[in-house]
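Heads up: numbering here begins at 1 and tracks the sequence.
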Amino acid sequence: MADHIDAGKLDKPVQVLALRETGPGVWTWERVRRAWANITFRPGTNLFSKVGVGARDAAVVLRRQSLTLHNALRLGDQHLFLTAITERGRGHLDVDAAVVEPVSCTATRTEDTVGENARPITAETMRMTFPGVLTEKYARYEREETHAENETSYVLVTSKPITLKAGDLVTVQEGPAKGKYHVTVCHVLDAWKNEYEIVWRGDV
């Protein structure tokens, strides 16, 4: 791409978002500022998840500003999950993004402790509400063993502050995958995001 882009081509008003804890255990995407962008929706797929299938790809050009892959962009009702940022000359940034639909999720963790008379007590030790992105698991990533017919699995992609453990219960509060799931596998080595394999088996 050429380094220069005419200012008039930055014609799409976007919101730059950051994930913030707005209350105890409540995380939401909050607007940091407004910006103008040039956005091209591309025919290819953006592989925003390492273990899940990709999403619609978008190429974004912005004026140079403080921006990392911890941020996101919003264009109208469309949420853009950032996957790469490179400098475009001295004045602009090239940003690769996946067009996704975040869903509100609540995660809870219960642990057994010993109460009076050495009786085990199950207590909730973590509750957190956050936006996540669900995607189907990439076919080549499926394990070899056969799955039960009534098992449904997804990959839940979250921002880095959202830390879950295997066994945590995740309630997807909206969308076609609404329901309760158990976290089975955690992928947390990426510097910018976490990915959790979640499974629904009958009545959780």
Side-chain angles (χ1 to χ4, degrees), residues 1-107 128-135 155-164 170 172-175 187-196:
M1 287 187 178
D3 287 346
H4 180 72
I5 183 167
D6 293 333
K9 290 187 177 180
L10 302 177
D11 57 353
K12 297 288 193 300
V14 297
Q15 297 179 29
V16 179
L17 309 177
L19 191 73
R20 291 177 174 161
E21 191 172 17
T22 56
V26 179
W27 293 83
T28 57
W29 285 110
E30 295 287 299
R31 189 183 77 193
V32 177
R33 60 183 171 271
R34 289 191 176 94
W36 290 93
N38 176 270
I39 300 179
T40 304
F41 294 103
R42 298 185 288 204
T45 298
N46 185 300
L47 300 176
F48 72 99
S49 166
K50 284 187 171 66
V51 296
V53 299
R56 187 182 183 192
D57 190 37
V60 183
V61 181
L62 296 160
R63 284 194 176 87
R64 194 166 178 174
Q65 57 192 278
S66 176
L67 192 74
T68 74
L69 298 184
H70 289 305
N71 296 111
L73 298 175
R74 183 180 293 141
L75 173 65
D77 293 331
Q78 293 180 308
H79 186 94
L80 303 183
F81 184 106
L82 309 187
T83 56
I85 301 172
T86 54
E87 294 181 1
R88 182 189 180 109
R90 289 179 294 180
H92 295 88
L93 298 172
D94 278 318
V95 180
D96 292 335
V99 183
V100 299
E101 291 187 22
V103 292
S104 181
C105 303
T106 298
M128 179 168 45
T129 300
F130 58 91
V133 178
L134 290 174
T135 182
V155 177
L156 172 66
V157 184
T158 73
S159 295
K160 204 63 191 173
I162 308 304
T163 55
L164 306 178
V170 173
V172 178
Q173 298 176 356
E174 58 191 340
H187 305 271
V188 296
L189 294 183
D190 189 284
W192 306 103
K193 66 179 183 296
N194 295 323
E195 301 190 42
Y196 303 102

Query raised in the report: Measuring from Leu67:CG to Leu62:CG, what's the distance to the nearest 0.5 Å?
Result: 6.5 Å
Query raised in the report: Do Asn38 side-chain atoms and Lys9 backbone N/O form a donor-acceptor pair below 3.5 Å?
Result: yes
Query raised in the report: Do Val155 and His187 have side chains that get closer than 4.5 Å, going by heavy atoms?
Result: no
Query raised in the report: Got a second to check how far Arg64's CZ is from His92's NE2, nearest 0.5 Å?
Result: 11.5 Å
Query - Value rounded to 0.5 Å, distance of CZ in Phe130 from OG1 in Thr28 - result: 13.0 Å
Query raised in the report: Does the side chain of Ser159 come within less than 4.5 Å of Trp29's, by heavy atoms?
Result: yes
Report summary line: Cys105 and Gln173 have their tightest heavy-atom pair at C-NE2, 4.2 Å
Report task. Decide yes or no for Leu93 and Val61: does some side-chain heavy atom of the first lie under 4.5 Å from some side-chain heavy atom of the second? Result -> no
Report task. Report yes if the side chains of Trp27 and Ile162 come closer than 4.5 Å at any heavy-atom pair, otherwise no. Result -> yes
Query raised in the report: Heavy atoms, side chains only, cut-off 4.5 Å: are Met128 and Glu21 in contact?
Result: no
Query raised in the report: Is a side-chain donor or acceptor of Asn46 paired with a backbone partner of Ala97 at a separation under 3.5 angstrom?
Result: yes
Requested in this report: Would you check if there is a donor-acceptor pair between the side chains of Asn194 and Lys160 at a distance under 3.5 Å?
Outcome: yes
Requested in this report: Go through the structure and list residues passing ring-ring contact (aromatic ring centres under 6.0 Å, His included) with Trp192, not counting sequence neighbours.
Outcome: His70
Requested in this report: For Glu174 and Val103, indicate whether the former's side chain and the latter's backbone hold a donor-acceptor pair under 3.5 Å.
Outcome: no
Considering only distance and modelled atom types, tabulate donor-acceptor pairs under 3.5 Å from the side chains of residues 71-82, sequence neighbours left out.
{"from": "Asn71", "atom 1": "OD1", "to": "Thr68", "atom 2": "N", "distance (Å)": "3.0"}
{"from": "Asn71", "atom 1": "ND2", "to": "Leu17", "atom 2": "O", "distance (Å)": "3.0"}

Query raised in the report: Would a 4.5 Å heavy-atom cut-off, applied to side chains only, mark Val133 and Ser49 as touching?
Result: no
Query raised in the report: Quick one: CD on Glu195 to CG on Asp190, what's the gap to the nearest 0.5 Å?
Result: 7.0 Å
Query raised in the report: With distance as the sole test, does Thr83 use its side chain to make a donor-acceptor pair with the main-chain N or O of Phe48 at under 3.5 Å?
Result: no
Query raised in the report: Looking only at heavy atoms, what is the nearest atom pair of Gln65 and Arg63, with distance?
Result: NE2-O, 3.0 Å
Report task. Of all the heavy-atom pairs spanning Val16 and Ala35, show the shortest one and how long it is. Result -> CG2-CB, 4.3 Å
Query - Distance in Å, Glu30 CD paired with Gln15 CD, rounded so as to fall on 0.5 Å steps - result: 10.5 Å
Report summary line: Tightest non-hydrogen contact, residues Leu156 and Gly132, listed as CD1-CA, 3.9 Å
